[in-house]
K.L.:
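Once you've had a glance at the structure underneath, I'll fire off some questions.
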Amino acid sequence: MIPARREPGPAELAARTQLSRPAAEVAPRLLGALLVSDLGPRVAVRVTEVEAYAGVGSDPASHAHRRRTERNASLFGPVGHAYVYFTYGMHWCLNVVAHTEGTAGGALIRAGEVITGVSAARSRRTSARRDRDLASGPARLAVCLGVTGDQDGIDLLDPVSPLRLELQAVGGSLAIASGPRTGIAGAGADTPWRFWVDGDPTVSPYRRSAARKSPR
DNA sequence: GATGCGATTCACT
DNA sequence: GTGAATCGCATCG
């Protein structure tokens, strides 16, 4: 039989509204939120570091800067869904789609603290020496949660989704710091769209854009 | 059709 | 601190 159309609850509607704003405004509000993965044994992570990426034309560092393609399509899609991309031939990174109606953008989840399923996270991240290293980096966090390209585009606000974002967990008294984004060169390199929980040990160490050639 | 490089991580010097 | 690993994608010819 045909399942009834899902009725979004009030928390989900509130979250959807919160994410329907420019990524740069949404990103700091994701700090302290919970990412819960039921892909395999449950692992939950408290978000401690994020970066904002805007849409076409406005942010040269964004995957959505040039135009919509098959790869970045999720960034143009519904707010609150996942954008998962593959980079360096081996790493997956997770974004939360956030933008105003008709535009594109999202927030890269750069780091978090594993608060549930530490042993499961450790078995996925055998090279991590300390617990604080388990999700201290975008690709590390994705591994912790078991996220791959298979999760690209899924709805993070659907209560039955295997990967969920819980905004209601956000506490009020977080010390938020901001600064330039990591790994960005050229235009947009100085935009302070990286946000983190000040003093949190799980925040990934800042690296300026890979000092390739010609420093100037 | 070919090519260069990336929103990174890890091991090693 | 530096370099290798590794491949899909966007750009260029």
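Protein chains get the first letters and strands the later ones, always in sequence-line order, with residue 1 at the start of each. Note that the structure is a prediction, hence the values are computed from the model and not measured.
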K.L.:
Going by number, which of residues 93-111 of chain A have a non-hydrogen atom under 4.0 Å from DNA chain B?
P.N.:
A/Asn95, A/Leu108, A/Arg110
K.L.:
Mind running side-chain contact (heavy atoms from CB on, under 4.5 Å) on A/Arg140 and A/Thr202 for me, showing each step along the way?
P.N.:
CA-CA 11 Å; A/Arg140 293 170 168 184; A/Thr202 62; over 6 Å; no
K.L.:
What is the separation between atom CG on A/Leu75 and atom P on C/dC9, rounded to the nearest whole Å?
P.N.:
14 Å
K.L.:
Could I get the full list of side chain to side chain contact (heavy atoms under 4.5 Å, CB included) partners for A/Arg21, not counting sequence neighbours?
P.N.:
A/Glu25, A/Val26
K.L.:
What is the distance, rounded to the nearest whole Å, between atom CE of A/Met90 and atom P of B/dA11?
P.N.:
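Taking atom P of B/dA11 as the reference, CE of A/Met90 is at 12 Å.
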K.L.:
Considering only the C1' atoms, how many Å lie between C/dG3 and B/dC5, rounded to the nearest integer?
P.N.:
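The answer is 15 Å between these two C1' atoms.
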K.L.:
By side chain to side chain contact (heavy atoms under 4.5 Å, CB included), which residues pair with A/Arg129, not counting sequence neighbours?
P.N.:
none
K.L.:
Strictly below 4.0 Å, heavy-atom distances to any atom of DNA chain C: list the hits from residues 194-204 of chain A, or just say none.
P.N.:
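Under 4.0 Å from DNA chain C: no residue of residues 194-204 of chain A.
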K.L.:
Distance-only check: which donor-acceptor pairs under 3.5 Å involve side-chain atoms of residues 109-116 of chain A, not counting sequence neighbours?
P.N.:
from, atom 1, to, atom 2, distance (Å)
A/Arg110, NE, A/Glu49, OE2, 3.1
A/Glu113, OE1, A/Arg46, NH1, 2.7

K.L.:
Would you say that A/Leu19 contacts A/Leu30 through its side chain, given a criterion of any heavy-atom pair below 4.5 Å between the two side chains?
P.N.:
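They are in side-chain contact.
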K.L.:
Identify which nucleotide among B/dC10, B/dA7, B/dG6 has an atom closest to any side-chain atom of A/Tyr88, counting heavy atoms from C-beta outward.
P.N.:
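The answer is B/dG6.
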K.L.:
Whole-Å distance between B/dG6 P and A/Tyr85 OH?
P.N.:
12 Å
K.L.:
As a check on the pairing definition, encode DNA chain C in dot-bracket form, counting Watson-Crick and G-U wobble pairs whose two distances are under 3.5 Å, and using | for partners outside this strand.
P.N.:
|||||.||||||.
K.L.:
So if I take residues 132-139 of chain A and measure heavy-atom distances to DNA chain B, which residues fall below 4.0 Å?
P.N.:
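Residues of residues 132-139 of chain A under 4.0 Å from DNA chain B: A/Gly137, A/Pro138, A/Ala139.
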K.L.:
Heavy atoms from C-beta onward define the side chain here; which of B/dC10, C/dC7, C/dA5 lies closest to that of A/Arg140?
P.N.:
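So the nucleotide nearest the side chain must be B/dC10.
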K.L.:
Would you kindly give the NE2-to-C1' distance between A/His91 and B/dC5, to the nearest whole Å?
P.N.:
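After rounding, the reported distance stands at 14 Å.
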K.L.:
Sequence neighbours excluded, which residues qualify as side chain to side chain donor-acceptor pair (under 3.5 Å) partners of A/His65?
P.N.:
none
K.L.:
Yes or no on side-chain contact (heavy atoms from CB on, under 4.5 Å) for A/Leu145 and A/Leu39, after CA distance, side-chain angles and deciding distance?
P.N.:
CA-CA 7 Å; A/Leu145 296 176; A/Leu39 307 154; 5.7 Å; no
K.L.:
Using side chain to side chain contact (heavy atoms under 4.5 Å, CB included) as the criterion, list what pairs up with A/Ser123, not counting sequence neighbours.
P.N.:
none
K.L.:
One thing to verify: whether A/Asp200 and A/Arg132 come together as a salt bridge, which I'm taking to mean a side-chain N less than 4.0 angstrom from a carboxylate O.
P.N.:
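Looking at A/Asp200 together with A/Arg132, the answer is no, because their closest N to O distance does not fall below 4.0 Å.
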K.L.:
Using whole Å, report how far CH2 of A/Trp92 lies from C1' of B/dA7.
P.N.:
15 Å
K.L.:
Spell out, yes or no, whether A/Ile154 and A/Val45 are grouped together once hydrophobic residues are joined by side-chain heavy atoms under 4.5 Å, including indirect joins.
P.N.:
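The answer is yes; both residues are in one hydrophobic cluster.
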K.L.:
Check this for me, if you would: do A/Arg71 and A/Asp152 make a salt bridge, where the nitrogen-to-carboxylate-oxygen distance has to be below 4.0 angstrom?
P.N.:
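Result for this pair is no, no salt bridge flagged.
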K.L.:
Using a strict heavy-atom distance below 4.0 Å, which residues from residues 117-127 of chain A are in contact with DNA chain B?
P.N.:
A/Arg125, A/Ser127
K.L.:
Heavy-atom contacts under 4.0 Å between residues 45-73 of chain A and DNA chain B, which residues?
P.N.:
A/Tyr53, A/Ala61, A/His63
K.L.:
Taking only residues two or more places apart in sequence or in another chain, which ones pass side chain to side chain donor-acceptor pair (under 3.5 Å) with A/Arg67?
P.N.:
none
